Asker: 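Once you've had a glance at the structure underneath, I'll fire off some questions.
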Amino acid sequence: MEITLNVNHNIHKVLVESDEMLLDTLRKLGYKSVKKGCDTTTCGICSVSIDDELIPSCSYLSYRAEGKKILTVEGLKEDARKIGEALTAEGVEQCGYCSPSLVVAIHTMLKQYEDPSDEEIKHYLVGNLCRCSGYEGHNRAIKHYMEVRHDGSK
Amino acid sequence: MRFEQIIMPTSLDEAYNALVNDKKSILLAGGAFIKLQKRNVNSAIDLSKLDLSYIKVEPTTFEIGAMTSLRQIEVEEELPSALKDSVKHIVGVALRNIATIGGSVCGKYSFSNLITALLALEADLVFFKKGKISLVDFLKSEDTDPDILVKIIIPRVIQSLYTSKQLTYTDFPIINMAISKNDHLRISVGARPMIATLIEDPNLHLSSKELLKDIDFESDLKAGEEYRRALAESMLEDALKEVRTWK
């Protein structure tokens with residue numbers, strides 16, 4: 001079937017199988033930041049934002065994304081750079097495989113929680129697995145990014 | 001799971017007819033389990049256009065549409081705490097944004113957090129053709145006639161709690177339990193590792209060991225039968241301390 005997808009404000013007409021998952025379609029369209037990990041919704045590596053909700057693209061049928069706004073890290077630009085810098089400064093940007101989905105998850109979380117507590121951050125991001133670091137650095141980086149973001153908005 | 005075509009019904013009648021007319025079709029709710037099943041079907045009947053995603057807060061009940069996501073349940077302040085807490089440890093926010101209450105209930109998963117909570121909360125299920133069935137009867141039933149779950153109804157309860165133990169924050173539970181109180185007390189125990197069950201007429205004067213003596217536990221890869229029972233006794237003892245403070 002042919003569907004139309006809005007990815008990072010770019011409109012794509014694309015042929016997909018009925019049971020094709022969004023992860024495969026996005027990679028086919030060149031959005032290679034969206035990675036395949038467990039492929040069973042467990043690791044969070046494939047997460048994208050759809051209409052400001054965090055979604056595991058490995059288990060989200062492509063046709064269901066028609067008419068919705070899909071956001072990957074390629075579409076975040078300045079935010080992605082700032083979050084990336086915060087992660088790097090805390091030494092948690094190691095193999096980098098989980099970083100694109102983590103950046104999208106942080107961005108999506110901050111759409112839903114203006115000023116999340118430590119508990120809310122941990123609870124929201126617990127589904128995004130990282131096997132390089134111990135998560136404490138992530139938490140420090142996110143809090144630092146939140147401060148920078150607040151300062152920038154003053 | 002692979003399927004050749006998608007059917008997008010816009011009414012329950014249309015969805016039901018598609019289901020009964022093709023025995024190699026399946027109902028598609030959130031889709032979280034598509035990748036975990038190894039089978040081929042002709043068509044998937046997508047329920048997402050049937051307006052079954054809602055939480056209605058009524059004076060004496062809550063009505064939850066079958067396509068309501070676990071995340072919607074988690075963040076809806078009015079719902080009983082046992083129900084909200086039961087979904088909080090299910091993998092991550094992303095999964096909970098797609099997994100639905102209907103898919104979770106109809107799967108009758110033995111590890112289910114949600115079913116344990118709904119059982120304690122005295123939930124009724126409303127099917128398109130069979131009408132209202134209690135969750136207790138649904139879990140016992142071996143009826144395989146095709147039907148579509150439309151909504152779940154739970155009465156308002158005065159107080160409730162949910163507790164579970166798992167090896168990691170987001171893992172399947174080794175054991176879980178939920179307690180609710182209205183004019184009577186209901187205690188359910190799940191992930192035994194069999195499907196959740198109720199403790200009949202719980203007497204708060206009994207010890208947790210005595211309350212659990214007729215509940216069966218078994219071993220699996222996650223925990224042994226003896227360990228599960230010991231864990232359940234300890235968890236119930238802690239839970240009952242809180243229950244005794246309820247007015």
Side-chain angles (χ1 to χ4, degrees), chain A residues 1 3 16-24 34 36-68 98 101-102 104-106 108-109 111-113 116 119-130 135, chain B residues 1-8 24-50 53 67-72 74-75 84-85 87-100 103-104 111 166-172:
Chain A
M1 65 174 89
I3 59 170
V16 298
E17 299 291 332
S18 303
D19 55 4
E20 186 170 318
M21 294 300 173
L22 186 59
L23 164 65
D24 299 313
V34 189
K36 186 173 277 195
C38 69
D39 210 19
T40 56
T41 74
T42 308
C43 71
I45 302 294
C46 66
S47 301
V48 297
S49 164
I50 297 183
D51 286 350
D52 292 333
E53 299 283 0
L54 197 64
I55 297 293
S57 64
C58 74
S59 294
Y60 192 86
L61 291 158
S62 299
Y63 74 87
R64 281 186 163 178
E66 258 202 315
K68 297 178 177 171
C98 70
S101 62
L102 179 66
V104 172
I106 293 168
T108 310
M109 173 182 71
K111 289 256 176 190
Q112 293 176 22
Y113 300 91
E119 272 312 303
E120 284 170 332
I121 293 171
K122 285 179 190 172
H123 185 70
Y124 196 91
L125 299 177
V126 74
N128 283 72
L129 303 185
C130 168
Y135 301 108
Chain B
M1 185 196 301
R2 301 298 310 265
F3 40 84
E4 288 167 17
Q5 65 161 344
I6 294 285
I7 298 172
M8 294 283 282
K24 279 202 80 179
S25 64
I26 51 129
L27 294 174
L28 189 62
F33 272 82
I34 292 174
K35 286 283 185 171
L36 296 170
Q37 295 183 19
K38 285 185 180 174
R39 59 176 172 148
N40 295 318
V41 295
N42 292 340
S43 45
I45 303 161
D46 189 327
L47 304 179
S48 61
K49 301 284 184 203
L50 299 181
S53 174
M67 288 292 282
T68 305
S69 75
L70 304 189
R71 179 68 176 163
Q72 286 173 270
E74 179 185 348
V75 300
K84 288 151 59 76
D85 290 347
V87 299
K88 281 182 179 168
H89 289 275
I90 298 174
V91 188
V93 167
L95 173 79
R96 296 198 294 276
N97 273 326
I98 63 166
T100 64
S104 303
F111 52 78
Q166 52 276 323
L167 295 175
T168 61
Y169 190 85
T170 58
D171 199 3
F172 291 127

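Here is how names work: the chains are called A, B, and so on, in the same order as the sequence lines, proteins then strands, and each is numbered from 1. Heavy atoms only: backbone and side chains are in, while hydrogens, waters and symmetry mates are out. Computed from a prediction, not measured in an experiment: that's the story for all the values here.
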Asker: Are A/T108 and B/V93 side-chain neighbours, meaning at least one heavy-atom pair lies under 4.5 Å?
Answerer: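 A side-chain contact is absent here, since even the closest heavy-atom pair is not under 4.5 Å.
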Asker: Once rounded to the nearest 0.5 Å, what's the spacing between atom CE of A/M21 and atom CD1 of B/I34?
Answerer: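 Reported to 0.5 Å precision, the distance equals 4.0 Å.
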Asker: Quick one: are B/L28 and A/R64 in side-chain contact, heavy atoms under 4.5 Å?
Answerer: yes
Asker: Can you pull the salt bridge (Lys or Arg N to Asp or Glu O under 4.0 Å) pairs that have at least one residue in residues 25-39 of chain B, sequence neighbours excluded?
Answerer: A/D39-B/K35
Asker: Over all heavy atoms of both residues, which pair between A/D19 and B/M1 is shortest? Give the atoms and the distance, please.
Answerer: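 Distance-wise, the nearest heavy atoms are OD2-O, 4.4 Å.
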Asker: Can you give me the closest heavy-atom contact between A/V126 and B/Y169, atom names plus distance?
Answerer: CG2-CD2, 3.4 Å
Asker: Relative to chain B, which segment of A/Q112 carries a heavy atom at a distance below 4.5 Å: side chain, backbone, both, or neither?
Answerer: side chain
Asker: So, taking the atom named SG in A/C43 and the one named CG in B/L95, what distance separates them when rounded to the nearest 0.5 Å?
Answerer: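 Rounded to the nearest 0.5 Å, the SG-CG separation comes out at 11.5 Å.
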Asker: With a 4.5 Å heavy-atom cut-off (strictly below), which parts of residues 47-56 of chain A touch chain B? List them by number.
Answerer: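 Listed by number, the contacting residues are A/S47, A/E53, A/L54, A/I55, A/P56.
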Asker: Which bit of A/C46 is near chain B, if near means a heavy-atom gap under 4.5 Å: side chain, backbone, both or neither?
Answerer: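 Neither the backbone nor the side chain of A/C46 comes within 4.5 Å of chain B.
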Asker: How many angstroms lie between atom CD of B/Q5 and atom CD of A/E17, to the nearest 0.5 angstrom?
Answerer: 13.0 Å
